[in-house]
Amino acid sequence: MHSLNDRQRQAVLHIETPALVLAGAGSGKTRVITEKIAYLIRKCDLKAHNIYALTFTNKSAKEMKERVTKLLKNENAKGLNVSTFHNLGLNIIRQEYKALGYKINFSIMDAADSGQILKELMLKQTIDPEVLDGVQWDISSWKNDRISPEQALEQAEDAQQQARATLYQAYQKQLHAYNAVDFDDLIGLPVRLFSENADILEKWQNKVRYLLVDEYQDTNASQYALVKYLVGVQARFTVVGDDDQSIYAWRGAQPENLALLKEDFPALKLIKLEQNYRSSNRILQSANQLISNNPHIFEKKLWSEMGLGDPIRVIACANENQEAERVVSEIIVHKFKTRSKNKDYAILYRGNHQSRLLERALREQNIPYIISGGKSFFDHAEIKDIMSYLRLVVNPDDDAAFLRIVNTPRREIGASTLEKLATYATGRGISLFDATQEFGLTSFLSEKALKRVQLFGQQLLKWAQEANAAEGVEVTSFIRTLIENLEYDNWIHENASNPKAAEKRINNIRELITWIERIINKAKEEDGEDKKLETIVTHMMLMDMMERNESEKEHDMVSLMTLHASKGLEFPHVFLIGVEEELLPHKQNMTSPGLEEERRLAYVGITRAQRTITLTYATKRRKYGEDMACEPSRFLEELPKEALQWEGKPGVVTSKEEQLEHGNAHIANLKSFLRRD
């Protein structure tokens, strides 16, 4: 504890009254919580099993428990309760299931399970299943706000709301009939239990002698109620949070819960952690000035002893393609200058769709990357399908690819047919494709099934011969023809939930073809080589495997993630892209209170950076099929002018000499870097 600063030490030692620790980004809040748990056990005569610490992710809970155990050197740490809110709720339900009217072996439904129950109920009530997502969202919101089905019915203002509230009521009855709970019930049921059973509440209050809560600003109404019930009148608790990092209103988080604490617990002690151990002062000054535009109940200003640091760069780009290419180029040059590693860089964005062009630019430069909190390009079903066709065309023995696409689009080759085909192939020690061509298969399949399987095998053989003969530009021509012959676009339209979703998936396939085209053209320009499909598929599959490696930290990769996914992380060098009106802030949140949350998102992005941060925006972006002008984000104007270094800002003229000097240096560094590799 000797290495804690004064505020951190105060937060650890304060136990007389409830405490709110307002912990700014990078201020060491996890250390405060772990040190306080150790202090409570060592100095305050509290048993580990009477201390409960709550957080929002299993990863955070695991890290916290490991750090406490290390601090205590395994002494007296047995029985310590460190978990997520939902794990605690599950533990309570498991112990009190009888009082809640459940049987001991109750099930937990995930979102897909819940969706299936709701879909069946919607069909019975003649409600369009297309609105399923909206119904699930409403029910989750009602549960998080502690609104029962009966209350939802009473509050319904129109026929649509009434229908959804009725569905909520039927859904809850169905869940109970299945002896099941959903994710939101893991908090809601314990809250209801405590509100209706004083003796059970007292039992749990006696168990929880001290409660610590991390990321308190992310709690919703149900979670706050759970905390209040558990601490009771004794109010022996410490919550740690930061209202400036509350970015989850869309899933029910209420930063006002921080303010409510003062009303519910008048003896609350407020302790501010403002010293930052992560970032340089230019970064912190910019973050402070940006967030000062939000209304505050609690004021705080981050500072550090890490020096002034580099200016914050703001780069204007002609369009989104140039933006992606420029960011990747900047990473290459900066890596060369500073001898940094790929893992030192993070590219942050407001929406998952912004990662597509970045992925392409990184692939083209053979820079490994990992996507967090979003869907990789390779994870889209349509990309998996087309890649499986290409894999099978260059290697007909690829059984995994065969099974994926043998009935996509449908060829009426059923599961029983495939099972018999697989049995025959295994017995002969050959691939599924080879099995389709063997005479011995006639004794395994019916005449109709055999004909379909053989026809597919012959078609595959024809494609393989065509692909083998193709090279260079002929490869993309072959792929386009293949997709046309499959009538894959029609199949997507037939199976998509709506035309917009279908068009999005078709655009993904076009993007794949464009990328392959660029690989071919680049090879031709650089070494005069006409690449064959086999080489291209191998290159793409290697990129895919790199992305899927589970052990992210052990590999040297650039991180791509949304601003939401970046919370709690830090990187030496950060690029925040798309800093434009209608992107950041998002077009759906251009007015209060949504605008305040968008500003908090930008604040979170800036405070991820340790040494440098670069903000980029496009002056034009393709929207709705045409190029449209973009306005730089208002948040750029809210940053301190003296901390910024603009490039391409309207009205700021760079001399031709400076442009030439920068361009020559850029090219020289790139060439040196590429020669070295």
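Contact of the L40 side chain with the L46 side chain is registered, since non-hydrogen atoms from C-beta on lie closer than 4.5 Å. Using a 4.5 Å cut-off on side-chain heavy atoms (C-beta onward), T238 and Y210 make contact. The shortest side-chain heavy-atom distance between S83 and N91 does not fall under the 4.5 Å cut-off. At a threshold of 4.5 Å between non-hydrogen side-chain atoms, the residues H564 and L601 count as touching. A heavy-atom distance below 4.5 Å is not found between the side chains of I347 and Y369. Residues I92 and L189 are not in side-chain contact: their nearest non-hydrogen atoms beyond the backbone lie 4.5 Å or more apart. L576 is listed as a side-chain neighbour of L584, based on a closest heavy-atom distance under 4.5 Å. Within the 4.5 Å cutoff, the side chain of S280 has no heavy atoms near those of the S304 side chain.
Using modelled atom types, one side-chain atom of N81 and one backbone atom of G79 make a donor-acceptor pair closer than 3.5 Å. For D185 (side chain) and G188 (main-chain N/O), no donor-acceptor pair under 3.5 Å exists by modelled atom type. When atom types are taken as modelled, the side chain of Q205 and the backbone of Y229 share a donor-acceptor pair closer than 3.5 angstrom.
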Verdict with reasoning, R608 to I613, per side chain to side chain contact (heavy atoms under 4.5 Å, CB included):
CA-CA 9 Å; R608 298 312 92 200; I613 182 161; over 6 Å; no
Check the pair F85, F56 against ring pair (Phe, Tyr, Trp, His ring centres under 6.0 Å), reporting the backbone distance first and the verdict last.
CA-CA 6 Å; F85 271 93; F56 279 85; 5.2 Å; yes
Show, in sequence, the C-alpha distance, side-chain angles and deciding distance for R67 and E63, and conclude whether the salt bridge (charged side-chain N to carboxylate O under 4.0 Å, His left out) test is met.
CA-CA 6 Å; R67 286 170 72 166; E63 181 191 349; 3.0 Å; yes
Going through the checks in order, is the side chain to side chain contact (heavy atoms under 4.5 Å, CB included) test met by Q172 and K143?
CA-CA 11 Å; Q172 281 305 103; K143 289 189 176 189; 2.6 Å; yes
Please evaluate residues Y349 and T562 with respect to the criterion side chain to side chain contact (heavy atoms under 4.5 Å, CB included), reporting the C-alpha separation (whole Å), side-chain torsions for both, the decisive distance (0.1 Å), and the verdict.
CA-CA 5 Å; Y349 35 81; T562 63; 3.8 Å; yes
If you apply the rule ring pair (Phe, Tyr, Trp, His ring centres under 6.0 Å), what do you find for H176 with Y102, and how did you get there?
CA-CA 8 Å; H176 203 273; Y102 283 86; 4.5 Å; yes
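Counting heavy-atom neighbours within 6.0 Å of K65 NZ, excluding the residue itself, gives a total above 12. Counting heavy-atom neighbours within 6.0 Å of K47 NZ, excluding the residue itself, gives a total of 12 or less. Counting heavy-atom neighbours within 6.0 Å of K301 NZ, excluding the residue itself, gives a total of 12 or less. Summarising the local packing, CD of Q155 is surrounded by more than 12 heavy atoms from other residues, nucleotides or ligands at distances under 6.0 Å.
With no hydrogens or angles considered, no side-chain donor-acceptor pair links S114 and D182 at under 3.5 Å. Side chains of K203 and Q95: no donor on one and acceptor on the other come within 3.5 Å.
In summary, of the residues considered (I139, V135, L153, D138), a side chain to side chain contact (heavy atoms under 4.5 Å, CB included) with Y168 occurs for I139 alone. For the side chain to side chain contact (heavy atoms under 4.5 Å, CB included) with L211, the lone residue among L226, L88, V231 that qualifies is V231. Here the options are E598, E596, E597, the test is salt bridge (charged side-chain N to carboxylate O under 4.0 Å, His left out), and the partner is R600; only E597 passes. Of the candidates Q8, R9, R31, E35, R31 is the only one forming a side chain to side chain donor-acceptor pair (under 3.5 Å) with S3.
For I297 against A259, the heavy-atom pair with the smallest separation is CD1-CB, 3.3 Å. The two residues S279 and A609 make their nearest non-hydrogen contact at OG-O, 2.6 Å. Nearest heavy-atom pair, G24 versus K300, reported as atom, atom and distance to 0.1 Å: CA-CE, 3.6 Å.
Ring geometry, W204 versus Y52: the interplanar angle exceeds 60°, so the pair is classed perpendicular (tilted spans 30 to 60°).
In this structure, the side chain to side chain donor-acceptor pair (under 3.5 Å) partners of Y224, at least two apart in sequence or on a different chain, are D264.
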